[in-house]
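We number each residue from 1, following the sequence as shown. Every number for a ligand or one of its atoms is a count from 1 in the order of the listing.
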Amino acid sequence: MTIFRSKERLACLRRLLPLVLLWCVVLAVAVGMLAAWQYRDLASELEQEGTLLHRLVSQRVSQHDAHLTALSAIASAATDSKHDLFLEVAQSIERFYPRIDDIQLVPLDSDVRGTGLKSLPSAEAQQIRAAAHASTGQVVLMADADHADHYVMIKRSPNTDAALYGLMLAVDARALIAEAAPFWSMPNVMLQLSLPDGHVLVGEAQVPAVLQFKKTIANTSQPLVLTVGYTVSWADLLPPWPTVLVLSSVSVLYLVAVIAWRQRGSVRAAMTQARLSALESRLAHASRVNTLGEMASGLTHELTQPLTAILAQAQASRRILDKGQSEMLATVLNDTVTQARRASAILERFRQWSNPQRTPSIVFDVREALENVRALLAPQAAACNVKVECRTLPVPAFVRADPVEMEQVMFNLVRNAIEAVADQGPEGRVVLALAGDGERVVFEVSDNGAGISDEVRSKLFTPFATTRAGGMGLGLALSQRLVESAGGEIGLVGSTQGAVFRVVLPRQPTPTEVKS
Ligand code: ADP
């Protein structure tokens, strides 16, 4: 029982395994698709935010150009050496634009002191002068040596070869890219701003991010390079809630699909079964109609002969009576009785074939039935001068059936064999052999008669198929019904040198099971 259960469980597991594997594959594909979707989303968000920031920085740096131009004009137009207006404007620029944290106006004549918002070390003043001298009209852009995150813009003023001043604007690069959007405060986001020569003003020297957006600021005087990056983590690709949601919805869909597929399979199987059943019943009906037709024509054929004889004898009786020859009447009436009995026998055999009387099956030894049949037919064999050899089994051969029916089967086969060799005189031989194994009991009847022609063989076991003058052709048909109802088989196994008929019945192991 335990072995049976574990086998059943194993078979169930085998059936489920491919479904589970497929489910895992479907889940993996769904997770992969979710990750790809999230990655694409992050990439497009980074590009969107990067573009916004780039536009903002471009706008801001263009303001620096405007300030420089305005301050240069004010410095050139100044009449007083203190440059009060210049300082005033510079102060308000610093107030409104905190990222601009120093503005200096340095006379190119090194003996004159400069004007600025903060005191300027002479080295730096010298650097501004040198840059303004070297300038051919373009703004000079360079890193602020004193402040790591700053850069300076230097322009000569007025912007001609007869320039009097070097004008300097210091910009806090970190403030330049400061942005309020929550995206930029995310820990995975990296931001870098560098000068065109690669000097990094803000951010790491390298941006080791998987996703990257890099663009130069659209400004001629400050073509700074803005680089933003995003380090993608598993949590970004597979956020917990969406992942759980996707996995559960995919599982539910998969389950629904499997159930639908299985139902479709069973509906198909049921439809096929229904079609086969319909076909089977149509065939069975056709075969019944066929058999009925054959039986009717056989019965008609068989009954015609005795009925014609009875009619002729009745007419003869009337003529004999008319002539007053009453002594002849008895003979004619006797013949009439014989023919009537023959007709009755035909009908009785037919009834037996079509509706055999069932008696309860019992377990019995086939050897006894064989012995009864041999004894019963011994006189007929002797009369025909036929030698009957009987090879039985040394041990009991139990089968479950009606013993009378099985005797009837054996009787039909043995009688047919004796009749088949009856005209051979002393050469005629019939062998009855009983054999078997643990599963079956085999009974064979063979003779050395003329055998069975192909034409007769195709009609064997069909009612009224006979080649004998007095035969009715019901013996084999009846035998087949009886053997099959006992769970056995009957057939012709040889027909070249005489005929060999075989009956196979399921063997019963012990007689203790004898019950009706
Ligand atoms: P019946 O004996 O009344 O003809 P059966 O059904 O017993 O009816 O047999 C049908 C036919 O099968 C016989 O007419 C005969 O032609 C053929 N047959 C049966 N047994 C043998 C046999 N041993 N040898 C030759 N022919 C046989």
Given side chains that start at C-beta, do those of L347 and L303 come closer than 4.5 Å, heavy atoms only?
yes
Could you find the nearest protein heavy atom to atom 23 (N) of ligand 1 and give me its residue, atom name and distance?
D447 OD2, 2.9 Å
List every atom of ligand 1 that sits less than 4.0 Å from any heavy atom of T466, numbering the atoms from 1 in the order shown and giving each element.
1 (P), 4 (O), 14 (O)
If you scan protein heavy atoms around atom 5 (P) of ligand 1, the nearest is L476 N, 3.7 Å
Nearest-contact summary for atom 18 (N) of ligand 1 - protein heavy atom, Å
R468 NH2, 3.9 Å
How about S58 and H54: do any of their side-chain heavy atoms sit closer than 4.5 Å?
yes
Taking side chain as C-beta onward, heavy atoms only, is L19 less than 4.5 Å from R262?
yes
Out of L478, N416, L460, who is nearest to atom 17 (C) of ligand 1 when you count heavy atoms only?
L460
Enumerate the atoms of ligand 1 whose separation from the nearest heavy atom of A465 is less than 4.0 angstrom.
10 (C), 11 (C)
Short side-chain donor-acceptor distance under 3.5 Å, S233 and D236:
yes
Protein contact of atom 14 (O) of ligand 1 - nearest heavy atom, named by residue and atom, plus distance
T467 N, 2.8 Å
Are the side chain of Q313 and the backbone of T336 linked by a donor-acceptor contact shorter than 3.5 Å?
yes
Determine, using heavy atoms of F461 and all atoms of ligand 1, whether some pair is separated by less than 4.0 Å.
no
Per-atom contacts of ligand 1 with G451, taking only distances under 4.0 Å to non-hydrogen atoms:
25 (C)
At what distance is the nearest protein heavy atom to atom 26 (N) of ligand 1, and which residue and atom is it?
I452 CG1, 3.5 Å
Indicate yes or no: at least one non-hydrogen side-chain atom of V31 is less than 4.5 angstrom from one of L247.
yes
If you have a sec, work out which protein heavy atom is nearest atom 24 (N) of ligand 1 and how many Å separate them, to one decimal?
A420 CB, 3.3 Å
Please check if the side chain of D365 supplies one atom and the backbone of F398 the other of a donor-acceptor pair under 3.5 Å.
no
Identify the protein heavy atom lying closest to atom 1 (P) of ligand 1, giving its residue, its atom name and the separation to 0.1 Å.
G473 N, 3.6 Å
Could you check whether D454 pairs with R457 (Lys NZ or Arg NE/NH1/NH2 to Asp/Glu carboxylate O, under 4.0 Å)?
yes
